[in-house]
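The structure appears below as structure tokens.
Quick note on labels: first sequence line is chain A, next is B, and so on, each numbered from 1. Everything numeric here is computed off the predicted structure, so don't read it as measured data.
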Protein chains: 2
Amino acid sequence: MTINPRSHTPVYVQLAELVRARIESGDLPVGSPLPSEARLGQEYGIGRDAVRMAIALLRSEGVVSTSKGHGSWVREQHERAKVELTSGSSAIVRMPSSRERREMDLDEGVPVIEIRNPKGEVTVLPGDQTELIRP
Amino acid sequence: MTINPRSHTPVYVQLAELVRARIESGDLPVGSPLPSEARLGQEYGIGRDAVRMAIALLRSEGVVSTSKGHGSWVREQHERAKVELTSGSSAIVRMPSSRERREMDLDEGVPVIEIRNPKGEVTVLPGDQTELIRP
DNA sequence: CCGCATTTGTACGTATGTATG
DNA sequence: TCATACATACGTACAAATGCG
């Protein structure tokens, strides 16, 4: 599979699809490192911008994680703690602010769950580690 | 307020904070257009990269929306439909795939709620238009 | 309806900073 | 110490969507 620079589909989207396919096929299992940006760019003959945008796209979907100086890897799904939505409570979901993401140590592409109990007290939970249940 | 290129805080984060402050102060009310990328770059004496990254950051938090050829504007919060989490059901949250985002017409920075009922049937709801409740 | 200015999107380049191992 | 890899930030150019005259 190659990339067509003249396609109506942007180069970076094409690359993201290729990498996604490699992940779903098992070629890149959970936890495994992605090729470096430089390597992907060379392999597919595309610029660094396109490579970085492709990885950013996958990161925004919670598919991969990246850290500086280390690289990107296929993100493993956390075990989800079961949290009961108690009577009279409500929950909304949203993306965290930069500050919340830092303080709660959330990866990119991870939403938060905001639970409000009948007293009006609010709890914010990491969206990738939580399952809301009603027994 | 100005931007310090030699700060340990990246230029684009500084700009995002400035724009966020203008929004929260009411200077940029809901629905109002942000200055164009070119204008922001000129005003603060920074490159287009930094401007685009700042706006992308706010977009990823669901604060603003952008459309090609038009510009960015302060995103209005949707009215949230109250959805009851029925007995025996559970809910998880995650970011949508590109395809889901397209098909459900979701803005960037909007998660989805996946509800599974006791029969195992799954419903996917837009995270910015839904409030889960338990009466 | 057409053309034009504006605006964002994509894609390339370079350079330098910083974290990792 | 050093090579590697990503992060930030500047530049350029052209494509594509929008809206207005």
Nearest-angstrom distance from the residue atom [atom1] of [X] to [atom2] of [N]:
| X | N | atom1 | atom2 | result |
| --- | --- | --- | --- | --- |
| B:Leu40 | D:dC10 | CG | P | 13 Å |
| A:Asp49 | D:dA13 | CG | P | 16 Å |
| B:Arg6 | D:dA9 | CZ | C1' | 13 Å |

Looking at [X] and [Y], would you say the former's side chain and the latter's main chain have a donor-acceptor pair under 3.5 Å?
| X | Y | value |
| --- | --- | --- |
| A:Gln14 | A:Asn4 | yes |
| B:Gln42 | B:Arg39 | no |
| A:Ser89 | A:Leu85 | no |

Return the nearest nucleotide to the side chain of [X]; candidates are [options].
| X | options | answer |
| --- | --- | --- |
| B:Ala50 | D:dC10, D:dA7, D:dT8 | D:dC10 |
| B:Arg59 | C:dG9, C:dT10, C:dT7 | C:dG9 |
| A:Thr66 | D:dA7, D:dA17, C:dA11 | D:dA7 |

### Task
Give one of base, sugar-phosphate or nothing for A:Gly69, where a contact means two heavy atoms less than 4.0 Å apart.
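Result for A:Gly69 = base.
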
### Query
Are any of A:His70's side-chain N or O atoms less than 4.0 Å away from OP1 or OP2 of C:dG21?
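The answer is yes; a side-chain N or O of A:His70 sits under 4.0 Å from OP1 or OP2.
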
#### Entry: side-chain N/O B:Arg52 vs C:dG9 OP1/OP2, d < 4.0 Å
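True: B:Arg52 side-chain N/O within range (under 4.0 Å) of C:dG9 OP1/OP2.
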
### Task
For B:Asp107 and B:Ser65, test the side chains for any donor-to-acceptor distance below 3.5 angstrom and give the result as yes or no.
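B:Asp107 vs B:Ser65: donor-acceptor pair found between side chains.
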
### Message
Between A:Ser97 and B:Glu61, do the side chains contain a donor N or O and an acceptor N or O under 3.5 Å apart?
### Response
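No - no donor-acceptor pair under 3.5 Å links their side chains.
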
### Query
Is A:Arg134 salt-bridged to A:Glu84, going by a charged N under 4.0 Å from an acidic O?
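Answer for the salt bridge query: no.
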
### Task
Please report the shortest heavy-atom distance between B:Leu15 and B:Ile46, naming the atom on each side.
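Taking B:Leu15 first and B:Ile46 second, the nearest heavy atoms are CD2-CD1, 3.7 Å.
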
### Task
Nearest-nucleotide wise, let me know which of B:Ser72 and A:Pro5 is further upstream toward the 5' end of DNA chain C.
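Closest to the 5' end, via its nearest nucleotide, is B:Ser72.
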
### Task
Let me know, please, whether B:Ala38 or A:Arg48 comes out on the 5' side of the other along DNA chain C by nearest nucleotide.
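So the residue in question is B:Ala38.
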
### Task
Rounded to 10°, tell me the angle between the two end axes of the helix from C:dC2-D:dG21 to C:dG21-D:dC2, each built from five pairs.
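Nearest ten degrees gives 20° for this helix.
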
